[in-house]
Amino acid sequence: MRKFFEKLEWWKLIPRFDSPAYFVSDGENYHAIASDERKTIVIYFCNYGMENGFKTGRLMNLDKCEYTYQWFNPRTGEYSEKRSFWPDEHRIYHIEQKPENLDMVLLVEKVRK
């Protein structure tokens with residue numbers, strides 16, 4: 001777990017609670033989101049034993065540039081390979097389903113050039 005959070009300036013993240021300006025849920029998950037505007041976004045998806053706990057949602061109002069993301073498993077301390085995406089023409093990104101039907105954290109970072 002240490003590797004994942006060492007690179008984050010987590011003290012700069014601001015809780016966004018249920019703000020649709022940042023994230024819109026698919027409706028079947030509990031989540032907590034924090035960001036430093038739209039450069040770094042961290043979303044904790046909690047399953048709470050839901051039947052379809054793989055659902056996520058959409059990141060909103062992103063900048064028109066490349067972002068990277070990776071999933072973090074808080075139980076094992078492991079994280080997925082980094083992948084990248086560009087928001088669509090409406091500045092939205094539809095997050096893929098969670099890799100497991102358990103609690104997972106998604107780290108999204110704007111590619112800085």
Side-chain angles (χ1 to χ4, degrees):
M1 205 156 106
R2 177 177 268 164
K3 258 185 176 180
F4 183 81
F5 289 106
E6 279 180 357
K7 63 183 175 182
L8 286 179
E9 293 180 342
W10 52 268
W11 56 91
K12 293 183 180 179
L13 298 176
I14 300 166
R16 302 298 177 184
F17 301 104
D18 292 327
S19 174
Y22 289 87
F23 178 78
V24 175
S25 172
D26 283 345
E28 294 187 29
N29 61 47
Y30 172 79
H31 62 275
I33 182 171
S35 73
D36 58 353
E37 289 309 310
R38 288 167 183 83
K39 292 180 270 180
T40 302
I41 303 166
V42 177
I43 308 174
Y44 172 67
F45 290 99
C46 182
N47 178 283
Y48 278 1
M50 294 176 210
E51 190 172 312
N52 189 354
F54 292 96
K55 292 197 175 198
T56 55
R58 298 177 307 277
L59 292 171
M60 309 300 287
N61 298 309
L62 297 168
D63 292 333
K64 292 183 178 186
C65 65
E66 184 178 14
Y67 288 83
T68 62
Y69 71 93
Q70 57 189 145
W71 288 101
F72 175 71
N73 183 327
R75 292 168 317 288
T76 65
E78 296 176 355
Y79 52 99
S80 69
E81 258 185 63
K82 233 180 224 190
R83 299 168 120 188
S84 63
F85 71 88
W86 284 76
D88 67 18
E89 65 273 8
H90 304 289
R91 299 175 35 204
I92 295 171
Y93 177 67
H94 297 266
I95 302 168
E96 65 184 31
Q97 288 191 343
K98 292 179 352 191
E100 294 189 36
N101 190 9
L102 298 167
D103 296 357
M104 296 294 289
V105 178
L106 182 68
L107 170 64
V108 178
E109 295 179 292
K110 188 177 188 177
V111 174
R112 293 167 176 91
K113 304 224 179 202

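Heads up: numbering here begins at 1 and tracks the sequence.
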Closest heavy-atom pair and its distance - [X], [Y]:
X	Y	answer
Asn61	Ala21	ND2-O, 2.9 Å
Tyr93	Trp86	CD1-O, 4.4 Å
Leu62	Pro87	CB-CG, 3.6 Å
Arg75	Glu100	NH2-OE1, 3.2 Å

*asked:* Please determine whether the number of non-hydrogen atoms from other residues, nucleotides or ligands lying under 6.0 Å from atom CG of Asp18 exceeds 12.
replied: no
*Check whether more than 12 heavy atoms from other residues, nucleotides or ligands sit under 6.0 Å from atom CZ of Arg91, and answer yes or no.*
yes
Same apolar cluster (I L V M F W Y, side chains within < 4.5 Å links), [X]/[Y]:
X	Y	answer
Leu106	Phe54	no
Ile92	Leu59	no
Leu107	Leu102	no

Nearest 0.5 Å, what's the [atom1]-[atom2] distance between [X] and [Y]?
X	Y	atom1	atom2	result
Leu13	Thr40	CG	OG1	6.5 Å
Phe45	Gln97	CZ	CD	11.0 Å
Thr56	Met104	OG1	CE	11.5 Å
Trp71	Ile43	CH2	CD1	7.5 Å

Quiz question: by atom type and distance under 3.5 Å, do the side chains of [X] and [Y] form a donor-acceptor pair?
X	Y	value
Ser84	Glu66	yes
Glu96	Tyr69	yes
Tyr79	Asn73	no

*asked:* I'd like to know if the side chain of Asp63 and the backbone of Cys65 have a donor-acceptor N/O pair within less than 3.5 Å.
replied: no
*asked:* Before we go on, tell me: are the rings of His31 and Tyr44 under 6.0 Å apart, centre to centre?
replied: no
